[in-house]
Enquirer: 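Questions regarding the structure given below will be posed in turn.
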Amino acid sequence: MNNPTAKITINEKSYDCPIIQGTLGDKAIDITKLRTNSGYITLDEGFANTGACKSAITFIDGEQGKLWYRGIPIEVLAENSTFIETAYLIIYGDLPTRKQMSAFSQKVLRNASLHEGMMHFFDGGFPFTAHPMAILSSLLNSVGCYYPNMVTNHREQDLEHFDDAAALLLSKVRTIAAMAYRMKNGLPLIYPKRDLGYSQNFLHMMFTEPYHEYYPHDDITKALDLVLLLHADHEQNCSTSTVRMVASSGANLFASVSAGVCALWGPLHGGANQQVIQMLEEIHRSGDDGTKFIESAKAGKAKLMGFGHRLYKTYDPRAKILRAAAERVLQIVKLKDPLLDIAQRLEEKARSDSYFVDRNLYPNVDFYSGIILKAIGMPTDMFTVMFAIGRMPGWIAHWQEVASQVKGKINRPRQIYVGHDLRDYVKMRYREGEIPTDYETDEHKSFGGGSSENASAKA
Ligand code: ACO
């Protein structure tokens with residue numbers, strides 16, 4: 001049987017384009033040769049309908065609310081796995097054996113501390129006002145400088161050290177994050193401990209004092225681990241696409257994930273978790289029960305942060321898990337957070353309002369994660385940093401997928417140019433109003449010779 005093709009007809013001429021099918025029925029039209037054959041490109045601002053790559057890491061069915069890491073549903077992983085085991089799954093493609101898991105955990109543990117040279121960054125290297133995402137992005141790139149064998153920018157050589165670089169980044173991202181928080185708050189820096197698990201070690205570095213060791217409740221550690229696990233990958237989102245874009249140029253893993261942090265920072269992406277809490281606090285302060293806010297969102301005057309998703313047209317499965325986890329965590333810390341009530345009320349109102357229903361707007365991962373992080377004691381400006389720690393396995397796996405492609409191409413989209421037609425370069429004095437003499441008329445402009453309005457102004 002012939003391979004299936006799609007016919008694209010432009011001005012009565014047809015062009016055959018191959019049809020590509022994914023393992024689970026995703027379908028795409030391969031338009032790679034369309035411009036060569038027809039002179040046309042496709043235009044899809046925001047890439048809402050553009051596949052940028054083939055990937056074997058994460059599957060999402062946004063209509064049915066499915067999210068699978070390497071074939072395993074997120075609900076199953078949330079119930080049975082840990083962040084570090086899930087990180088292994090995402091990076092290496094399969095669940096680890098006991099031996100593999102032990103070796104991987106040990107490697108992550110051994111890499112927890114930072115090179116002493118890096119500690120100077122926390123001693124006046126950044127102002128106290130620096131956002132921890134700025135610190136994180138800078139230091140993830142800088143960390144590579146201490147391991148020159150891992151940052152050669154030659155794919156084969158960088159890949160030879162991939163296992164070490166992956167464990168190192170997974171581990172150090174958490175140490176950098178905790179130290180950024182302590183530096184910003186004028187607190188003494190706390191070193192990681194050898195006998196603590198991943199999330200417990202992070203909480204230790206965040207909250208221990210030299211005179212008071214912090215021992216988190218097991219359920220708090222589990223809640224944090226769950227938040228990280230649920231963020232571990234999400235296929236071609238804005239930050240992961242950024243990592244892949246940078247990686248496609250041959251850039252090393254450290255530079256690529258550092259760029260991912262910058263993309264994640266924006267309020268329409270990872271920055272939304274911080275904005276959700278700020279929105280809930282504002283609603284609480286104003287005495288609104290959510291009704292006024294919903295009305296202003298419908299009128300386009302505000303955005304219901306933590307709602308809506310490019311892919312999910314039903315409930316984001318991560319939000320469902322986090323909503324239940326938020327209730328559990330608040331019981332553990334014996335807190336009655338009014339923000340959870342407001343969030344649940346907003347959700348109820350939105351889900352019965354045609355504005356949100358017609359647009360398929362449901363809570364996304366950021367809607368309830370902030371309530372958990374707040375209950376754990378995490379300051380709001382660390383929320384997006386928590387997202388970055390969680391997303392690290394995904395970024396690492398996507399970098400490797402790109403770097404391992406034998407005939408990998410640099411990512412380089414095209415555009416439709418809508419700027420000026422060809423025009424003259426007019427020298428500064430004539431731009432300032434000096435009228436050229438007849439002798440100067442040709443000399444006052446340089447190169448271009450186009451349709452230029454300058455040329456006619458001079459005439
Ligand atoms: N509140 C109110 N209206 C919304 C919201 C919202 N949160 N999200 C989308 N809409 C409306 C839009 O105004 C638009 O309405 P219109 O058709 O009348 O113009 C319609 O729904 C479609 O929205 P788009 O912005 O076109 O959808 P897009 O897929 O481009 O954006 C996004 C998705 C960015 C997530 C958007 O829903 C949003 O801004 N949400 C709030 C921010 C947020 O929570 N971001 C986190 C996303 S998850 C993540 O990155 C981890």
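Whatever order the structure lists them in is the order used to number ligands and atoms, beginning at 1. Throughout, residue positions are numbered sequentially from 1 according to the sequence presented.
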Enquirer: Look at E75 together with K320 and state whether they make a salt bridge at an N to O cut-off of under 4.0 Å.
Expert: no
Enquirer: Could you list each N/O atom of ligand 1 together with any protein N/O atom closer than 3.5 Å, one pair per line with the distance?
Expert:
from: ligand 1; atom 1: 1 (N); to: L304; atom 2: N; distance (Å): 3.1
from: ligand 1; atom 1: 3 (N); to: Y355; atom 2: OH; distance (Å): 3.1
from: ligand 1; atom 1: 7 (N); to: L304; atom 2: O; distance (Å): 2.7
from: ligand 1; atom 1: 7 (N); to: F307; atom 2: O; distance (Å): 3.0
from: ligand 1; atom 1: 15 (O); to: R359; atom 2: NE; distance (Å): 3.2
from: ligand 1; atom 1: 18 (O); to: R359; atom 2: NE; distance (Å): 3.2
from: ligand 1; atom 1: 18 (O); to: R359; atom 2: NH2; distance (Å): 3.0
from: ligand 1; atom 1: 29 (O); to: R310; atom 2: NE; distance (Å): 2.8
from: ligand 1; atom 1: 30 (O); to: R310; atom 2: NH2; distance (Å): 3.0
from: ligand 1; atom 1: 39 (O); to: K303; atom 2: NZ; distance (Å): 2.7
from: ligand 1; atom 1: 40 (N); to: F307; atom 2: O; distance (Å): 2.9
from: ligand 1; atom 1: 44 (O); to: G306; atom 2: N; distance (Å): 2.8
from: ligand 1; atom 1: 44 (O); to: N364; atom 2: ND2; distance (Å): 2.9
from: ligand 1; atom 1: 45 (N); to: L268; atom 2: O; distance (Å): 3.1
from: ligand 1; atom 1: 50 (O); to: H269; atom 2: ND1; distance (Å): 2.9

Enquirer: Are D219 and R328 within salt-bridge range, i.e. N to O under 4.0 Å?
Expert: no
Enquirer: Tell me whether the centres of the aromatic rings in H234 and H398 are closer together than 6.0 Å.
Expert: no
Enquirer: Does the structure place the NZ or CZ of R359 under 6.0 Å from the centre of the six-membered ring of Y355, at an angle of no more than 45° from the ring's axis?
Expert: yes
Enquirer: Any Lys/Arg nitrogen of K7 or D16 sitting under 4.0 Å from an Asp/Glu carboxylate oxygen of the other?
Expert: yes
Enquirer: Would you mind telling me which of D158, L253, L168 makes a side chain to side chain contact (heavy atoms under 4.5 Å, CB included) with M150?
Expert: L168
